Structure formats: C-alpha cells, structure tokens
Amino acid sequence: MADSQLYVYNTLKREREVFVPLHPPFVSMYVCGPTVYGNAHLGHARPYITFDVVCRYLMYLGYKVRYVRNITDVGHLENDADVGEDKIAKKARLDKVEPMEIVQRYTLDFHKNMALLNNRSPSIEPCASGHIIEQIQMIEKILAHGYAYLSQGSVYFDVQRFEKDYPYGELSGRVTEDLQHNTRELDGQSEKHNPLDFALWKKASPEHIMHWPSPWSDGFPGWHIECSAMSAKYLGETFDIHGGGMDLLFPHHECEIAQSLGANGISPVRYWMHNNMLTINGQKMGKSLNNFITLDELFSGNHPLLEKAYSPMALRFSMLQAHYRNPIDFSNKGLEDAEKAYEKLSAVYVLLKEMNWAGTTVNTEIEKVLSSFEKECVDAMNDDINTAVVISNMFKVSSYVNQFYSSGKTEGVSKEAFEKFKNAYLLFYRDILGLLPDQQMERSNEDFDKLVDSLVDLRNSAKKEKNFTLADALRNVLSQFVTLQDLADKTIWKHEKKK
RNA sequence: GGUCCUGUGGCCGAGCGGCUAGGCAGAGGUCUGCAAAACCUUGUACGGCGGUUCAAAUCCGCCCGGGACCUCCA
C-alpha cells in the first residue's frame with residue numbers, strides 16, 4: 001500500500017475498501033459469539049483470534065473500539081422448523097441439568113480458553129437470554145412494517161414481501177429464485193408461507209423447557225434475531241464492522257441484514273468481515289461431522305488425532321501465519337512447525353526486551369532494515385490485516401537481534417533507529433499480534449529451581465576443572481528435566497524436556 | 001444442481017502485472033571440550049493448455065483437481 005490507510009475486504013462489496021469509521025475516533029464492531037452448549041473447540045479459535053487482532057490493531061491506530069460479542073444461550077433449533085429442539089435444552093435434558101447450568105459451564109469453558117489464547121475480552125458480551133425484551137420489540141417493529149406474519153403462535157419473516165422493498169441475498173450472492181429451487185421441502189413446514197421465510201419467534205411446545213412470554217405465545221426467539229437486536233442496542237442501527245465465520249454468511253448474516261432493514265429501514269453494517277474455515281484433513285470441522293478437537297484436548301494432547309499437546313500460543317501463532325480469509329488445514333506437522341517458529345520469535349522478543357542500545361558505528365544496511373520495520377508491519381496490517389507478512393517481517397529482523405545479543409553490542413544501528421525498532425517489535429509481538437513470551441509449560445517450584453541451579457553450578461565447576469566426564473554426566477541428568485544452554489559467561493536453562 | 005473460494009519449491013504459507021516473502025525440514029560451513037542455541041551459505045516454485053501484454057504466479061478463457069455455503073455450525 002502506497003498510502004497508510006487501513007484497507008479491509010468487505011464481503012458485501014467483494015473487494016477491499018478503505019476503512020473509515022462512521023464516528024471517528026470510535027469504531028463499533030460486532031462479532032458473532034458461540035452457542036454455549038459444548039466445549040470450545042479449534043473452530044472457535046480462528047474467528048476470535050482474527051477479530052481480536054483486528055480490534056488490537058484498530059486500537060493501535062488510535063481508535064476507541066467498542067467490541068461486542070454475544071453469548072448465544074437460548075439455543076438455536078437443532079433441526080429445521082417444527083421438529084427442532086433447542087440445542088441447549090436438548091443438552092440439558094441429556095445431562096439432566098438446568099439449561100442455565102449448561103450455559104454457565106460452557107461459558108466458563110469458553111472464557112477460560114479465550115484467555116489462554118490471549119484474546120482480549122470484548123467490551124460488552126451480551127447474552128441472548130438477557131435481551132428477550134429487545135428481541136420482542138424488534139420483532140414487533142418488523143411486524144408493524146409488514147415484513148412478518150403470525151402463524152400458529154410463531155412469527156416468521158416474510159422474505160417475499162420484504163423483497164418488494166429491499167434486496168435480499170446481496171451479502172451472500174443468493175438469488176431467491178435459485179434458492180426456491182434448491183430448498184428441500186421438509187415435513188411440518190406448513191407454518192411458513194414460503195420455505196425461504198425464517199423464524200423470528202417460535203412458539204414453544206409443551207415439553208420445551210426454555211421459553212419466555214411474548215405477545216404471540218410462550219416461546220423463544222428465532223435463530224437470527226438476537227444479533228440484530230443486541231448489535232442495534234449497543235452499537236446503533238448502523239455500525240462499522242460485523243465479523244464472523246464464513247459459514248455464517250448464509251443464512252445468518254443475510255437474515256440479520258433483512259431483519260434490520262425490516263425493523264429500522266437501515267442496513268446495519270458498513271464492513272462485513274468473514275474469516276475462512278479451519279479444516280481437519282481437508283474436511284470441515286463440525287459438530288455434526290464428529291471430527292472436532294476441543295481446545296482442552298489440543299492443549300493437553302488428549303485426542304486420537306493429536307501426536308502431542310500444543311500450547312495456546314503455538315495455535316495462535318499458527319493461525320496468524322495464514323491470512324484470515326484463507327482456509328487452514330489442521331495438521332500435527334503444521335502446528336509443530338508453528339510451535340518451533342513461535343519459540344524462536346519469542347526468544348527474540350525476550351532478548352530484545354532487555355536489550356539496550358550500545359554501538360559505535362552505523363551500517364546503512366542494518367540501519368535501513370531496522371528503521372523501516374515498523375512501516376512495513378503497518379503496511380502489511382493496513383493491507384486487510386495481513387498478519388502473515390507481519391510475522392515474516394519479524395523473522396527478517398530476528399537475526400540482527402540475535403547477533404546483537406551474541407556480540408553484546410547493538411553495532412551498526414543508531415540509537416534512535418534501534419529504540420524505534422525495539423518499541424515497534426515489542427508492540428507488534430505483544431500488543432498487536434497478542435503473543436506472549438514462551439510461558440513455562442511445566443509447573444515449577446522453588447526447590448526444583450534451586451536444585452537445578454545447584455547442579456548447573458556443579459557442572460560449571462567441573463567444566464572449569466576440565467572434568468568433562470563429570471560435566472557430561474551432569475548435563476545428561478539435567479537434560480532429562482530441563483533444556484540447558486551454555487552462553488559465553490553463564491548457563492541458562494528452561495523448563496523444557498529435551499525432545 | 002446453484003453460488004462462491006482455491007491449486008505456489010520436500011511440507012506449510014505470503015503474493016493482487018515488472019523488484020529476495022517468511023517458516024519448517026534438508027545440505028554445507030562458523031562458533032563451541034561436548035551438547036544446545038545462534039550466525040552465514042545453499043534450493044529459484046507457481047495444476048494443465050491457450051490468450052491479452054514490452055512484461056503474468058499475478059489479468060482473461062477452457063480443462064483438470066481441492067474446498068465452503070445452499071440445513072444448526074466459528
């Protein structure tokens with residue numbers, strides 16, 4: 001990018017556009033959150049890491065971001081139309097617990113894993129169950145405008161009627177005529193006037209355990225209305241960014257647009273951003289496909305498809321190594337490679353953090369590379385959040401940092417350029433990509449540390465006395481528990497077993 | 001069947017008309033008592049066939065392969 005403006009790919013326009021917020025310096029962003037009826041899995045990691053980085057970068061650009069991400073706790077229908085059962089209610093019935101117990105359990109699990117991935121908490125995390133009134137009010141508006149109808153206690157959005165006034169299918173590129181042909185005729189759809197219509201409010205059957213009173217029936221809100229109602233409440237009828245996985249494009253996001261237009265007459269979102277999917281062995285990961293790996297399993301290595309445990313940061317890094325709009329295929333090899341690469345980068349981060357400028361000469365080449373580092377990273381991020389190129393840039397400068405460290409001097413770079421570079425590197429690593437330096441994976445305790453320190457001292461004494469037999473024996477023992485590294489003047493060790 | 005995305009060196013993965021992506025693995029070297037780490041050197045890729053252009057991995061067409069959505073899903 002020649003100019004330093006942020007460009008993002010807008011799914012609605014199918015091209016990159018300059019990002020200009022509606023009310024600078026504020027940016028309003030909504031991201032579809034999880035339905036909390038199961039453990040957080042690998043698939044959840046991708047969108048929330050992606051939009052966490054988007055949010056972090058917007059903050060770096062000086063925007064004040066309000067980031068809203070919902071928790072879906074009223075459940076969507078398990079199957080289509082009348083035969084469906086609320087997902088959360090179903091899980092609750094199977095587990096013989098209160099629905100809200102399910103919600104609580106998996107919300108906590110989700111939060112725990114998001115924290116491990118170092119995703120910042122959203123500014124507001126509204127629950128669907130806490131916004132039944134807002135959803136009912138929105139449905140009333142849609143009804144009043146004639147874009148919905150009541151049918152046996154349920155309310156449906158009238159797509160055909162809506163299409164007379166507004167386009168339907170713009171976001172996903174659907175043509176309703178084609179959709180008609182491709183819609184399967186399911187039993188029990190008689191409540192709908194048209195197969196394309198979707199539920200705004202569903203009357204609850206007697207055995208349905210989650211339901212709320214409404215002007216139409218005791219029931220529960222439809223599949224898509226919560227996002228429309230809650231985004232409008234907290235971000236306004238039009239807001240800047242709506243994010244989510246590509247799989248939500250149709251029908252979920254398409255319906256959100258229709259609902260907002262139907263209720264407020266305004267298209268709700270200015271920039272639609274969609275992350276691509278994660279596949280496992282080339283196949284989409286899905287609850288129904290039974291091939292998903294939970295984050296707990298990934299971090300513990302406890303899953304048949306996993307060769308070992310992977311750290312949350314390795315996962316985060318591996319996802320940021322690819323562009324968010326391209327698919328990622330999960331593999332052990334891929335994660336292992338990412339883990340190694342991430343550890344190298346982290347080592348550089350740790351070294352650089354403690355490093356101070358000390359030099360005498362300026363080398364034009366080094367000076368140039370280091371002083372253009374920040375701009376190159378900014379350019380990459382401005383180019384539709386290209387984290388892969390940012391990481392590439394970080395590797396390009398890594399060898400300089402390592403050389404500075406080995407020589408003990410920051411030779412070849414001016415003080416000003418070094419400090420600018422250092423700050424930028426720390427900023428991109430920690431604040432924008434949201435990476436954390438290698439956490440000590442293994443639990444440590446003081447006694448253990450003291451013991452290791454003593455053995456390391458003993459080994460160094462042996463080395464001084466050229467008693468290499470003893471030194472090697474000590475090294476062999478130590479390397480069963482930690483990783484040793486001899487530097488010029490001292491020995492450092494990490495809580496990592498030799499592989 | 002419809003809509004859309006995609007095919008890059010051993011593997012992963014950027015790239016949006018001309019200029020080295022990067023990582024992992026491999027090979028050679030420097031340093032080191034050994035080990036580890038680090039540093040240096042090394043590989044010249046773009047599914048196939050045509051076309052546009054002075055110039056194409058990058059644009060267009062066709063063919064072949066992979067995937068997503070069209071039903072809850074991040």
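Numbers restart at 1 for each chain; the letters A, B, ... are given by sequence-line order, proteins then strands. Any value given below was found using the heavy atoms of this structure, including those in side chains, with hydrogens, waters and symmetry copies removed. Note that the structure is predicted; figures quoted are calculated from it, not measured.
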Just to be sure I understand the rule, does [X] reach a base, reach only the sugar-phosphate, or reach nothing, if contact means heavy atoms closer than 4.0 Å?
X	value
A:Leu248	sugar-phosphate
A:Arg69	nothing
A:Asn326	sugar-phosphate
A:Tyr48	sugar-phosphate
A:Gly173	sugar-phosphate
A:Asn476	nothing
A:Leu278	base
A:Lys466	nothing
A:Ala388	base

### Task
Side chain of A:His323 only, please: which of B:C24, B:A14, B:G2 is the nearest?
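Within the option list, the nearest is B:A14.
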### Closest to side chain of A:Gln403, choosing from B:A38, B:C39, B:A74
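Of the candidates, B:C39 comes closest.
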### Side chain proximity check, A:Phe330 to A:Ser318, heavy atoms < 4.5 angstrom
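Sidechains of A:Ser318 and A:Phe330: no contact.
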Say we look at [N] and [M]: how far apart would their [atom1] atoms be, to the nearest angstrom?
N	M	atom1	result
B:G43	B:C69	C1'	40 Å
B:U71	B:G2	C1'	16 Å
B:U44	B:C39	C1'	23 Å
B:U6	B:U58	P	13 Å
B:U8	B:C12	P	8 Å

#### Entry: Partner nucleotide of B:G61 by Watson-Crick or wobble geometry (both distances under 3.5 Å)
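Because both required distances fall under 3.5 Å, B:G61 counts as paired with B:C49.
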Are the charged groups of [X] and [Y] less than 4.0 angstrom apart, N to O?
X	Y	answer
A:Glu354	A:Lys422	no
A:Asp486	A:Arg459	yes
A:Asp109	A:Arg105	no

How many whole angstroms separate atom [atom1] of [X] from atom [atom2] of [N]?
X	N	atom1	atom2	value
A:Phe198	B:C70	CZ	P	15 Å
A:Gln321	B:A21	CD	C1'	12 Å
A:Ile328	B:C24	CD1	C1'	16 Å

Would you indicate, yes or no, if [N] has its OP1 or OP2 atom less than 4.0 angstrom from a side-chain nitrogen or oxygen of [X]?
X	N	answer
A:Ser399	B:C40	yes
A:Lys344	B:G22	no
A:Asn386	B:A14	no

### Query
Does the A:Asn332 side chain pair with the main chain of A:Leu305, one donor and one acceptor, at a distance under 3.5 Å?
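Yes.
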### Query
With distance as the sole test, does A:Thr50 use its side chain to make a donor-acceptor pair with the main-chain N or O of A:Arg46 at under 3.5 Å?
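Yes, because the side chain of A:Thr50 sits within donor-acceptor range (under 3.5 Å) of the backbone of A:Arg46.
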### Nearest-nucleotide 5' precedence on RNA chain B, A:Ala341 against A:Thr279
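First, find each residue's nearest nucleotide; the 5'-ward one identifies A:Ala341.
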### Position toward the 5' end of RNA chain B (nearest nucleotide), A:Ser392 or A:Asp472
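The answer here is A:Ser392.
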#### Entry: Under 3.5 Å donor-acceptor pair, A:Arg325 side-chain atoms to B:C5 base atoms
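When only heavy-atom distances are counted, A:Arg325 does not reach the base of B:C5 through any donor-acceptor pair under 3.5 Å.
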### Task
Please indicate yes or no: is the ring centre of A:Phe468 less than 5.5 Å from the centre of the six-membered base ring of B:G33, with the two planes inclined by under 30 degrees?
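One would call A:Phe468 stacked on the B:G33 base.
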#### Entry: Test: A:Arg69 cationic atom under 6.0 Å from A:Tyr30 six-membered ring centre, within 45° of axis
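No.
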